[in-house]
A.B. asks: 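Supplied in structure tokens, the structure appears directly below.
Residue numbering restarts at 1 for every chain, and letters A, B, ... go by the order of the sequence lines. On a predicted model such as this, the values are computed, not experimentally measured, just so you know.
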Amino acid sequence: MGKYSGSETWQDVVPIPQDDGGPNPLAAIAYTEDYSEAMSYLRAVMADNEKSERALSLTEDIIVMNPAHYTVWLYRADVFFALEKDPLQELDWLNKISLKYLKNYQIWHHRQLIMTKIPSIPPTELPFLAQMFEKDSKNYHVWSYRQWLVRHFSLWDDELPYLESLLEEDVRNNSAWNHRWFVVFSRYVDPSAGTGADAAAIKADPEIVAREMEYAKAKIRLAPQNQSPWNYLRGVVKKREGGLAVLRAFAEEFADLAREDEVRSSHALDLLADVYAAEKEEEQAGKALELLARKYDPIRKNYWNYRRGLLGLKEVEVE
Amino acid sequence: MSLAAGPGRGGGTGRLPEDLELCIEKHVKYIQSLDTRKDELEYWLTEHLRLNGVYWGLTALHLLGRPDALPHRETIDFVLSCQHNNGGFGAAPGHDAHMLYTVSAVQILVTIDAVEELEKHGKGGKERVGEFIASLQNRDDGSFAGDEWGETDTRFLYGALNALSLLHLTSLIDTTKAVQYVQACSNFDGGYGVSPGAETHSGQIFTCLGALAIAGRLDLVDKDRLGGWLSERQLDNGGLNGRPEKLEDVCYSWWVGSSLAMIDRIHWIDGEKLGNFILQCQDIEMGGLSDRPGDAVDVFHTFFGVAGLSLLGYAGLEKVDPI
């Protein structure tokens, strides 16, 4: 007797067994009986489009066994909305599943659907996300969901202090850097307007630009060979008038061409190559690129040589 | 096609990199064996990916020079058994129609030259499939959803353009709007994310570049900047990662490698080092490739490893199209 076949609640349902469509379907199947039985009842309730409490708890049972089964999630959402269940209770349950299955896509889409039924952000939401980030601070699904959440509830102003704590913990967290960009600069961009590519070129409030430049610089000083804040810094500079030259003195702190054995950051060299080229100091630019190709980033020697080629300089031989 | 991991593990050969070669026959046998594993729970727990798995296995076999290694008629029958009346395909019979599996179904049928089967034995001809895909486009912002519930993702947008171009049906959608949406997903670091504002990710760069390539709009890309970011994904061990400060993984040999190839900059990474890294992820006894040396092999990484080697021009493999 299975969990469902032996249950009074399910007596009226005739389960629909697996048919995998292949030439020899049923015979070879020996997957665990619990999963198999639950699935056969799911097929039956879905065939009837049944929206009931028992259908809801059946989806819960299957999701716990196999959370990536997207069809079960969609059916659950369907039943959930039809029964007008309590969204807060659903979030509670989702929290437990999410902490267990970190790489799952479906959970987050479902959460978003549920959240649209709640008028203001529940006080438990941000602490829960913090818990997720404690497990994996670069979880792409969670960050994407958080961006949606920030926009949906207009949480822009409270994000920076939390981000600050994440970057204090791990200054190399590229996801946190991206989110900082999102809350500082993207909040003024209408995501549906299709202006993303041009958005990078939209100039921002000079005070904010100055603040963000100083922020990135301070973080670079903590770990000069960390690509995220260098990328961020370059992006921020595009938000002001004038070119990269404003970063010259800063980058030279980490890479002095006169002391080529003491370079502390390949990213500084990379930036200086652009700065020198813009200032028509081709020889200096070529030297920076040569150091990258030969000594500080030889795995990408073809890239650095391509950049030398753009300046009309010959390739550096790297053994 | 089982998506279960194992049985073997990649790496641990104890051989020097220069002695490594691609064990083509082992990998062919490995992929062929994946359909005989129906007695494993994992076979059924991964049913929601089945059609993707067939595509990965089939394409790997084609690249390995063994296009006939899977039974032709049975493959067609399985694909068609996943189709719904609305024209879309689910991952397996009984699973809802979804963009990702519809794209896999089209790719499989085109690969084995069986698109006309849609007419003969499917739920309507290719136009019906095209209409399902087109119905998932948001005509306001150009994005695509995966299913009726509306989750959007640049994976779905790329998939739509890919499948429709294979079926010669791109006229069913608003390509200009789709291109605008891809543009909205571009980031300050030169890359692309899953939606506007989302972090740059190598997989998403592949989908966005692929979509732009199909739409004939690679002119919109700052190729030097993006190529710089992509080539920065190579780590000292030769492998590629998907984002800064993350671990290398064989699948990025494809996502990063093909993206670089689409913008003519694959030579910006060290191909020899990448090739050796991929070869070290093989199980040379039982076949298959893993994400990195020491982990269990699976069909997903087997496909992406073989495709990566093909991009690099590895001898004995069919040449793959990066888009």
A.B. asks: Go through the atoms of B:Ser231 and report whether side chain, backbone, both or neither lie under 4.5 Å from a heavy atom of chain A.
C.D. replies: both
A.B. asks: Measuring from A:Lys301:NZ to B:Ile269:CD1, what's the distance to the nearest 0.5 Å?
C.D. replies: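 Reported value, rounded in 0.5 Å steps: 11.5 Å.
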A.B. asks: Please identify each residue that fulfils side-chain hydrogen bond (donor to acceptor under 3.5 Å, both in side chains) with A:Arg172, with sequence neighbours left out.
C.D. replies: B:Glu245
A.B. asks: Nearest 0.5 Å, what's the CE-CG distance between A:Met65 and B:Leu45?
C.D. replies: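 Separation between the atoms: 9.0 Å.
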A.B. asks: Given the options A:Tyr232, A:Trp177, A:Phe185, A:Trp143, which has more heavy-atom pairs under 4.5 Å with chain B than any of the others?
C.D. replies: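 That would be A:Tyr232.
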A.B. asks: How would you list, in number order, the residues of residues 217-225 of chain B that have a heavy atom less than 4.5 Å from chain A?
C.D. replies: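 B:Asp224, B:Arg225, listed by number.
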A.B. asks: Output the distance between atom CG (B:Asp147) and atom NE2 (A:His109), rounded to the nearest 0.5 Å.
C.D. replies: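 One finds 7.0 Å between CG of B:Asp147 and NE2 of A:His109.
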A.B. asks: Using non-hydrogen atoms and a 4.5 Å limit, figure out which bit of B:Ala198 sits close to chain A: side chain, backbone, both or neither.
C.D. replies: both
A.B. asks: Just give me the residue among A:Asp78, A:Leu42, A:Ile16 that pairs up with chain B most often, heavy atom to heavy atom, under 4.5 Å.
C.D. replies: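 The residue among A:Asp78, A:Leu42, A:Ile16 with the greatest pair count is A:Asp78.
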A.B. asks: Go through A:Tyr105, A:Tyr306, A:Phe182, A:Trp304 and name the one with the most non-hydrogen pairs under 4.5 angstrom from chain B.
C.D. replies: A:Tyr306
A.B. asks: Can you list the residues that meet the side-chain hydrogen bond (donor to acceptor under 3.5 Å, both in side chains) rule with B:Thr46, with sequence neighbours excluded?
C.D. replies: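 Partners of B:Thr46 under the side-chain hydrogen bond (donor to acceptor under 3.5 Å, both in side chains) test: none.
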A.B. asks: Quick check: closest heavy atoms across A:Ser144 and B:Val194, and the distance to 0.1 Å?
C.D. replies: OG-CG1, 3.6 Å
A.B. asks: Check each atom of B:Leu235 against the heavy atoms of chain A and say whether the ones under 4.5 Å are side chain, backbone, both or neither.
C.D. replies: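 Only the backbone of B:Leu235 comes within 4.5 Å of chain A.
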A.B. asks: Treating A:Gln147 as the side-chain partner and B:Gly197 as the backbone partner, does any N or O pair qualify as donor plus acceptor under 3.5 Å?
C.D. replies: yes
A.B. asks: For the atom pair CD1 (A:Ile299) and CD (B:Glu232), what is the distance rounded to the nearest 0.5 Å?
C.D. replies: 12.0 Å
A.B. asks: Go through the atoms of A:His141 and report whether side chain, backbone, both or neither lie under 4.5 Å from a heavy atom of chain B.
C.D. replies: neither
A.B. asks: By a 4.5 Å heavy-atom criterion (distance strictly below it), what part of B:Arg233 contacts chain A: side chain, backbone, both, or neither?
C.D. replies: side chain
A.B. asks: Between A:Tyr140 and B:Arg243, is any side-chain donor less than 3.5 angstrom from a side-chain acceptor?
C.D. replies: no
A.B. asks: Determine whether a donor-acceptor pair (N or O, by modelled atom type, separation under 3.5 Å) exists between the side chain of A:Arg300 and the backbone of B:Gly228.
C.D. replies: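 The answer is yes, because a donor-acceptor pair under 3.5 Å joins these two groups.
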A.B. asks: Which residues satisfy the salt bridge (Lys or Arg N to Asp or Glu O under 4.0 Å) test with A:Arg146, sequence neighbours excluded?
C.D. replies: A:Glu159
A.B. asks: Taking the side chain as C-beta and beyond, is there a heavy-atom pair between B:Asp189 and A:Trp181 under 4.5 Å?
C.D. replies: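 No, their side chains stay 4.5 Å or more apart.
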A.B. asks: If you round to the nearest 0.5 Å, how far is NZ of A:Lys138 from CD of B:Glu199?
C.D. replies: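 Rounded to the nearest 0.5 Å, the CD-NZ separation comes to 9.0 Å.
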A.B. asks: Show the nearest heavy-atom pair for residues B:His267 and A:Asn302, with the distance to one decimal.
C.D. replies: O-ND2, 2.6 Å
A.B. asks: Check whether B:Arg50 gets within reach of chain A through its side chain, its backbone, both or neither, counting any heavy atom under 4.5 Å.
C.D. replies: neither
A.B. asks: Using every non-hydrogen atom in the two residues, find where A:Met46 and B:Asp96 come nearest and quote the distance to one decimal.
C.D. replies: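 Taking every non-hydrogen atom into account, CE-OD1, 4.1 Å.
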A.B. asks: What distance do B:Trp268 atom CH2 and A:Asn305 atom CG have between them, rounded to the nearest 0.5 Å?
C.D. replies: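 It comes to 11.5 Å.
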A.B. asks: Quick one: closest heavy-atom pair of A:Thr71 and B:His95, and the distance?
C.D. replies: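 Distance-wise, the nearest heavy atoms are OG1-CA, 3.4 Å.
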A.B. asks: Looking at A:Tyr70 and B:His48, what are the two nearest heavy atoms and their distance?
C.D. replies: CE2-O, 3.8 Å
